[in-house]
Asks: 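Mind looking over this structure? Questions follow.
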Amino acid sequence: MRAIILAVGTELLGTDRLDTNSLRLTEVLRAHGVQLLRKAVLPDLEAVVAAELRRAFADADLVLISGGLGPTADDISREAVAAAAGVDLTLDPSLLAGIEKRFARMGLRMPETNRKQAEVLSGATVLSNRRGSAPGQLLEVGGTAVFLFPGVPNELDGMVASALEPWLEERAPAGERIETVTLRVACLPESEVEARILPAYAEFGREDITVLAALGDVRVRATAGGGAEGRHARLDAMRHRLAALLGDAVYAAGGGDVESTSLEAVVGRALAERGQTVAVAESCTGGLISERLTRVAGSSAYVLGGVVAYANAVKSSLVGVEAGVIAAHGAVSESVARALASGACRVVGADWGIGVTGIAGPGGGSAEKPVGTVFLSVACAGEVVSVAQLRLPGDRERVRLGASQFALEMLRRAVFALPPLEPRTWGSAQPSPASA
Ligand code: AMP
Ligand code: MG
């Protein structure tokens with residue numbers, strides 16, 4: 001079964017109202033294995049909605065319309081369906097009586113404008129609305145079933161449960177669902193991820209694999225539908241193939257985009273399993289790495305603490321970075337990153353130490369060290385095991401976030417004893433080889 005969702009409401013085309021109803025509807029479709037062909041957000045214009053409906057009738061077995069069932073002049077969904085399907089709209093006296101009763105129960109007389117909510121498409125089934133005055137409707141047009149739902153999310157929700165889900169349960173083959181697995185990759189550019197997974201496109205089809213890029217965090221999503229046995233087999237096959245193609249760049253793979261698959265959670269679990277601890281000495285990230293590590297519940301098992309060593313004097317007094325090293329190389333330098341990482345281990349008494357120093361901008365850059373220059377280091381038991389020099393693109397916030405992502409990925413690779421990031425990695429990163 002193939003579906004199309006139409007979210008009707010001029011306000012949804014502005015900047016302050018989001019179409020959330022289509023997400024709710026999509027959730028239900030996926031739970032019944034129904035493929036969503038497309039969705040559209042449309043203005044309250046009868047001709048526009050009718051034109052979209054004609055295309056939808058040709059393409060889909062199921063069309064879900066949200067909104068436009070109210071009593072005011074801009075509520076045109078009923079009229080648009082009537083026009084597109086070529087059917088009449090007639091006043092249903094019992095429906096009218098019901099709406100009048102609803103108002104009477106609240107001690108009100110039904111306003112004249114509400115009469116149009118009692119107009120029913122000929123041949124349609126009325127879907128009762130226990131949460132509001134706008135009844136829904138279900139109409140068969142050729143081979144396509146069309147549902148009209150109210151736009152108020154709470155009312156739509158009620159009708160989804162009372163009408164759409166039972167309808168789908170009867171028609172969609174039992175046990176069919178659409179499911180997605182997500183593989184997460186840190187610090188590889190989107191194009192590099194794409195290049196690595198090209199063979200999987202050929203083997204499984206391009207339409208079931210999507211690459212979603214965020215800052216230093218690419219998600220590869222594989223989707224499968226149908227019955228449980230075939231679906232699970234296909235999902236497992238895609239997941240294994242993608243994992244093999246992406247190699248140790250994958251830091252998490254799972255059924256959803258849940259918190260437990262975040263990079264900090266993955267690193268945290270690895271530390272907890274090994275009974276190891278970490279400490280952070282960070283300059284340009286100003287505590288962001290500590291914040292991310294401690295965002296994970298249970299992080300007290302492995303995070304000992306951290307120092308925001310922003311001023312040079314604090315780098316020396318609290319982390320033990322020698323003033324001479326800062327004077328010789330500058331506060332933003334590989335030497336200082338190394339001293340911060342090993343200092344974090346020593347001062348706090350942690351197994352692992354992270355050191356970060358850089359220029360987040362917008363000021364402070366130079367020809368030699370432009371804004372976005374970041375030096376990172378990871379130490380184990382006070383000895384440096386990995387260093388990287390980055391040139392991160394973007395504004396202050398992106399540089400700081402990118403640096404934190406890179407630091408956590410360096411720690412993950414060190415904890416799992418993976419080789420350090422390759423020189424071609426993300427941004428214009430040029431990690432130098434590990435040396436103790
Ligand atoms: P309507 O049924 O078109 O009169 O919509 C009633 C209310 O529900 C309006 O205030 C809308 O902002 C809200 N609404 C309509 N469509 C949606 C949608 N797709 N997602 C979330 N809210 C909506
Ligand atoms: Mg509306």
Side-chain angles (χ1 to χ4, degrees), residues 3-32 34-53 55-56 60 62-85 89 91-92 95-96 98-100 102-103 106 108 110-121 124-139 145-165 167-168:
I4 290 172
I5 296 173
L6 304 180
V8 180
T10 299
E11 75 278 13
L12 303 170
L13 293 169
T15 57
D16 59 346
R17 288 284 183 123
L18 268 181
D19 160 33
T20 54
N21 286 346
S22 71
L23 305 181
R24 173 72 188 115
L25 294 169
T26 303
E27 193 181 6
V28 174
L29 293 176
R30 288 174 64 98
H32 290 87
V34 180
Q35 185 195 356
L36 179 60
L37 285 183
R38 60 178 181 265
K39 63 178 179 177
V41 175
L42 304 173
D44 295 307
L45 294 173
E46 186 186 319
V48 175
V49 177
E52 197 70 32
L53 277 167
R55 291 209 305 137
L62 176 62
V63 176
L64 306 176
I65 306 172
S66 124
L69 296 185
T72 57
D74 64 358
D75 292 303
I76 48 75
S77 292
R78 283 173 294 257
E79 289 78 0
V81 175
L89 264 177
L91 192 84
D92 180 328
L95 202 50
L96 182 63
I99 297 172
E100 281 170 338
R102 191 182 157 79
F103 276 92
M106 298 184 285
L108 300 168
M110 186 194 84
E112 247 337 85
T113 52
N114 282 76
R115 280 179 78 85
K116 71 186 242 182
Q117 292 190 299
E119 290 184 353
V120 177
L121 295 152
T125 307
V126 173
L127 311 174
S128 69
N129 181 353
R130 286 184 208 99
R131 300 175 176 180
S133 68
Q137 304 194 29
L138 166 59
L139 180 71
V146 185
F147 278 84
L148 290 92
F149 294 112
V152 178
N154 173 49
E155 295 179 25
L156 175 126
D157 249 15
M159 214 175 277
V160 162
S162 64
L164 179 62
E165 286 184 316
W167 188 90
L168 284 169

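Each ligand, and each atom within it, is numbered from 1 in the order the structure gives. These numbers come from the heavy atoms of this one structure, side chains and all, not from hydrogens, waters or symmetry mates.
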Asks: Does the Gln137 side chain pair with the main chain of Leu121, one donor and one acceptor, at a distance under 3.5 Å?
Replies: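 Yes; at least one donor-acceptor contact below 3.5 Å.
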
Asks: Show the protein residues that qualify under the rule heavy atom under 4.0 Å from an atom of ligand 1, listing them in chain and number order.
Replies: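 Residues near ligand 1: Ala7, Glu11, Leu12, Arg17, Leu18, Asp19, Thr20, Asn21, Ser66, Gly67, Gly68, Asp75, Gly151, Val152, Pro153.
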
Asks: Using side chain to side chain contact (heavy atoms under 4.5 Å, CB included) as the criterion, point out the one residue from Val146, Leu168, Ile4 that pairs with Leu62.
Replies: Leu168

Asks: Is a donor on one side and an acceptor on the other found under 3.5 Å between the side chain of Asp44 and the backbone of Gly68?
Replies: no

Asks: Locate the shortest heavy-atom distance separating Leu69 from Arg78; write the atom from each residue and the value.
Replies: O-NH1, 3.0 Å

Asks: Could you tell me the separation between the OG1 atom of Thr20 and the CG atom of Leu12, rounded to the nearest 0.5 Å?
Replies: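 Between Thr20 OG1 and Leu12 CG, I get 8.5 Å after rounding to 0.5 Å.
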
Asks: Is the closest basic N to carboxylate O distance between Arg115 and Glu112 below 4.0 Å?
Replies: yes

